[in-house]
Each structure stands twice: as structure tokens, then as C-alpha cells.
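What you see is a predicted model, and the numbers here were worked out from it, not measured in a lab.
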Amino acid sequence: MMDDQALLRYSRQIMLPEVDIEGQERLQSAHALIVGAGGLGSPVALYLAAAGVGSITIADADHVELSNLQRQIAHQQASIGDNKARSAQASMQSLNPHCHVIALDQHVEGDALEHLIASVDVVLDCTDRFSSRYAINAASQKAGVPLVSGAAIRFSGQLAVFDPRRADCPCYACLYPPDDSGDEALSCSESGVMAPLVGLIGCFQAIEAFKLLSGAGIPHQGLSTFDGLNGQWRHFQVPRDPACPVCASLR
């Protein structure tokens, strides 16, 4: 049960009829996994912690560099050289000390990734490599845990939610078959990115996780893309691929 301080802290959410006390309590009892504490993971981590998600695990093996500070808002000048997951953990707990944050300062893969995803209520893919995205997607499909996926490069961003609990929902591999994944090296460090763009996409990822965990609203369906140069969103329906090498055998 929430005490008076918690009721005050989350009062602006509790007054929303779609959330109310019950939704806030669901957030408080939930566990989210954020893979990646960079440009996307930073706003995701800060907003989910601020919103009252009770437990958050954040994983990243990289260390903060000066070039990260243009867009990775969970880190400060003083964080340069620190592990990103631990730096984000400090920012999250400074913002909300009641949020239990677990920092994993390593690449999580294989069986460890599967066990981790099976232990949470939602996973947020905030990585920038296709190999990581495929591994996270496969583990979330196997565990039946919803996946909120975001990506941002140059001036373009995209958002999708893959919920294996829905029989008609595609997975990441339905959208991007492994043989068509493109350039594995395509990342912000090689191609550049507009600073507020990762914040925008990360915030939308946090919104979708909030809805999934609290029960408010309807989760995003299909694929949405954003063109930062003209400020336009586009939405695409994505059918499930009956021959998908990842999810077809699990349905």
C-alpha cells in the first residue's frame, strides 16, 4: 500500500481515471528491464523511475564518453568514464529513491538474457545493433513478455510494441527478417543523430511501457516512424509472418 508521501508524489497520475490507485499500484509492483542506457535508454529510465515503476533493471556494458552527453541525458559531465548502467542508476535513484534499480554493467546474452527477460513484466529495447535486437526479441517471444522497441538515427525514429501475448501480434523478426537486417554497423557513432530525436522516441517507449504495466489505454500496434526534418509521423500496419523463424513455432 502507498503511504501519504507516495500518494502525493504520484498524485498527478492517480487523478487520471484510466490510472487511479489501482494502476499506480500495478506500476509499483511491476519490474521493467531496459537494455541500453544511452540516448533511448536515458529518457526511458528517468521517466519510468519518476512514474513509480517499482523495480527497474538497466543493462549496459559501455562507459560514458564526452560525445554521449549531447543526447544521453541520464549522464553528466562528472559521469565520464563511469559505466552507463551505474551512471543511469544513480540518476534514477536521485530522482526517485523509492524505485529499486538494478544496474548490470555487462552485455547480457544467451541463457542469462532469457532468464532475465522471463523474470520481468516488460522489456524495452534501447540498443542500436541488429544482433542485440534479434536476441532480445527472441528471448521476449520465448518468455511471453511484451517488448517495446525504439530506434533513432540521423533525423529518423521508429517505435513498435511486440506483445507475444496477442496471437495476431508480429515480432521484430516479422518486421525485419534476419537476412534483411542491413548494416550491423549502422549506429549513431557512425551516422550521427539529432539530440532531441532520441528523447522523443525514448519518451514514447516509456509511454508504452507505462500503459502496459498500469493497464491504462491501448498499447501501440504496428510500426510508427517519425521524420524529424519535417515533423511528420507515419503509421504502418505490420502483419504477423506465418513463416517467421522466431515466433511462428511459438504460436
Side-chain angles (χ1 to χ4, degrees), residues 32-36 38-41 44 59 107-154 156-188 191 197-198 200-213 217-227 232-251:
L33 168 64
I34 304 168
V35 186
L40 297 172
V44 167
H107 291 294
V108 185
E109 53 191 0
D111 290 342
L113 178 64
E114 290 188 2
H115 291 319
L116 182 58
I117 289 179
S119 70
V120 302
D121 301 298
V122 66
V123 56
L124 297 107
D125 182 351
C126 301
T127 64
D128 61 359
R129 299 283 174 173
F130 282 108
S131 57
S132 298
R133 293 172 185 164
Y134 286 128
I136 294 167
N137 174 70
S140 76
Q141 289 291 315
K142 183 176 180 179
V145 173
L147 166 63
V148 182
S149 175
I153 196 77
R154 302 187 183 101
S156 301
Q158 68 178 40
L159 172 76
V161 176
F162 305 107
D163 191 343
R165 300 171 302 179
R166 289 179 39 225
D168 62 337
C169 187
C171 77
Y172 185 83
C174 293
L175 180 60
Y176 295 110
D179 291 340
D180 300 329
S181 60
D183 185 4
E184 171 66 23
L186 189 63
S187 65
C188 296
S191 304
L197 178 68
V198 290
L200 175 72
I201 300 300
C203 284
F204 271 97
Q205 287 184 269
I207 287 173
E208 293 305 319
F210 181 103
K211 291 191 296 183
L212 286 164
L213 296 177
I218 300 173
H220 181 277
Q221 298 182 27
L223 171 70
S224 289
T225 63
F226 179 72
D227 185 337
Q232 292 184 345
W233 282 96
R234 298 182 67 190
H235 184 75
F236 305 90
Q237 294 297 327
V238 181
R240 189 171 71 84
D241 181 0
C244 175
V246 175
C247 68
S249 63
L250 300 174
R251 306 295 176 92

- Is there side-chain contact between P245 and P178, with heavy atoms separated by less than 4.5 Å? yes
- Message: With rounding to the nearest 0.5 angstrom, report the CG to CZ distance, L197 to F226.
- Response: 7.0 Å
- Output the distance between atom SG (C169) and atom CZ (R166), rounded to the nearest 0.5 Å. 4.5 Å
Side-chain donor-acceptor pairs under 3.5 Å in residues 107-125, sequence neighbours left out?
{"unit_1": "E114", "atom_1": "OE1", "unit_2": "K142", "atom_2": "NZ", "d": "2.9"}
{"unit_1": "S119", "atom_1": "OG", "unit_2": "L116", "atom_2": "O", "d": "2.6"}
{"unit_1": "D121", "atom_1": "OD2", "unit_2": "H31", "atom_2": "N", "d": "2.8"}
{"unit_1": "D125", "atom_1": "OD1", "unit_2": "T127", "atom_2": "N", "d": "3.0"}
{"unit_1": "D125", "atom_1": "OD1", "unit_2": "T127", "atom_2": "OG1", "d": "2.6"}

- Message: Quick one: does any side-chain atom of K211 pair with a main-chain N or O of I218 as donor and acceptor, under 3.5 Å?
- Response: yes
- Taking all atoms of both residues into account, what is the closest heavy-atom pair of A173 and C244, and its distance? CB-SG, 3.8 Å
- Message: Tell me the closest heavy-atom pair linking A152 and V198, and the distance in Å.
- Response: CB-CG1, 3.7 Å
- Item | Reported CD1-to-CG distance for the pair I153 and D128, which is rounded to 0.5 angstrom | 7.5 Å
- Output yes when a side-chain donor or acceptor of R165 lies under 3.5 Å from a complementary backbone atom of V145, and no otherwise. no
- Task: Evaluate the side-chain proximity of T225 to W233: yes if any heavy-atom separation is below 4.5 Å, no if none is.
- Result: no
- Query: What distance separates I201 CD1 from C126 SG, expressed to the nearest 0.5 Å?
  - Reply: 11.0 Å
- Query: Sequence neighbours excluded, which residues qualify as ring pair (Phe, Tyr, Trp, His ring centres under 6.0 Å) partners of Y172?
  - Reply: Y134, Y176
- Nearest heavy atoms of V44 and G202, plus distance in Å: CG2-O, 3.2 Å
- Note on the structure: Value for CG (L223) from SG (C174), rounded to nearest 0.5 Å, stands at 12.5 Å
- Message: With side chain to side chain contact (heavy atoms under 4.5 Å, CB included) as the criterion, how do H220 and H235 come out once you've worked through the C-alpha distance, each side chain's angles and the decisive distance to 0.1 Å?
- Response: CA-CA 10 Å; H220 181 277; H235 184 75; 3.8 Å; yes
- Task: Evaluate side chain to side chain contact (heavy atoms under 4.5 Å, CB included) for R240 paired with C247, printing each intermediate quantity in order.
- Result: CA-CA 9 Å; R240 189 171 71 84; C247 68; 4.2 Å; yes
- Task: Determine yes or no for a side-chain-to-main-chain donor-acceptor pair under 3.5 angstrom, with Q205 supplying the side chain and V148 the backbone.
- Result: yes
- Query: Would L147 and V161 satisfy side chain to side chain contact (heavy atoms under 4.5 Å, CB included), going step by step from the backbone distance to the final call?
  - Reply: CA-CA 6 Å; L147 166 63; V161 176; over 6 Å; no
- Not counting sequence neighbours, which residues clear side chain to side chain contact (heavy atoms under 4.5 Å, CB included) with P219? List them please. E208, L212
- Out of curiosity, N137 CG to S132 OG, how far, rounded to the nearest 0.5 Å? 12.0 Å
- Message: Determine whether F162 and S149 satisfy the following criterion, side chain to side chain contact (heavy atoms under 4.5 Å, CB included), listing intermediate values before the conclusion.
- Response: CA-CA 8 Å; F162 305 107; S149 175; 3.8 Å; yes
